[in-house]
Amino acid sequence: MSEMSEHPRWYTVVLKPQLTDPEGRPEHGSPLREARVEATGDLGASGYPRYVGSGIQADIDPATGAVEAITVDGDELPLGYVAQVRDGGSEAGGDTLGPEGFDLGTSPLSDDPPADQGGSGGAGAHRA
């Protein structure tokens with residue numbers, strides 16, 4: 001896990017189908033959904049900062065921008081989809097949160113998400 005320093009207050013997360021090209025290499029299609037997610041100040045079950053917004057709850061590694069855990073409308077990311085942080089000027093922003101903005105006193109394994117957000121599940125790997 002990355003060092004708890006300063007983290008962006010928001011990211012833009014995109015959901016894409018994971019397709020393959022004619023040679024069978026992974027190729028991500030156009031985004032099917034994107035959402036701006038805001039820092040909650042908590043750590044998710046993955047141990048990374050949790051971000052929520054527009055029905056998406058994601059644990060994002062601020063050092064790499066990788067989506068480490070995600071739920072979409074309270075469910076796991078559907079098979080065949082990938083979640084990524086969008087590259088470019090709008091990938092992350094706002095003021096940053098220092099380590100005092102996160103609740104480090106609770107175990108990530110006992111972190112109960114809000115009832116309307118669901119649990120952590122699925123995974124993303126790369127920046128869009």
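Being a predicted model, the structure only gives us computed values, none of them experimental.
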Contact check, side chains of [X] and [Y], non-hydrogen atoms, under 4.5 Å:
X   : Y   : result
T12 : V37 : no
Y11 : V85 : yes
R36 : Y51 : no
I70 : I56 : yes
L15 : V72 : yes

Inset, instruction - Decide, yes or no, whether a salt bridge links R86 with E34 under the criterion of side-chain N to carboxylate O below 4.0 Å. - result: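 A salt bridge links R86 with E34.
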Inset, instruction - Before accepting this row, confirm whether a basic side-chain N of the pair R50/D59 lies closer than 4.0 Å to the acidic partner's carboxylate O. - result: yes
Legend entry - Residues forming a side-chain hydrogen bond (donor to acceptor under 3.5 Å, both in side chains) with Q18, sequence neighbours excluded: none
Would you name the heavy atoms of [X] and [Y] that are closest together and state the gap between them?
X   : Y   : value
V13 : A83 : CG1-CB, 4.4 Å
E68 : S46 : CB-OG, 4.1 Å
G53 : A35 : O-CB, 4.1 Å
P31 : V14 : CB-CB, 4.3 Å

Inset, instruction - Taking side chain to side chain contact (heavy atoms under 4.5 Å, CB included) as the test, write out the residues that go with L32, two or more places apart. - result: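 For L32, the residues satisfying side chain to side chain contact (heavy atoms under 4.5 Å, CB included) (neighbours in sequence not counted) are P17, Y81.
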Inset, instruction - Before giving the answer on side-chain contact (heavy atoms from CB on, under 4.5 Å), spell out for R33 and D73 the whole-Å C-alpha distance, their side-chain angles and the decisive distance to 0.1 Å. - result: CA-CA 12 Å; R33 182 171 172 180; D73 299 327; 2.9 Å; yes
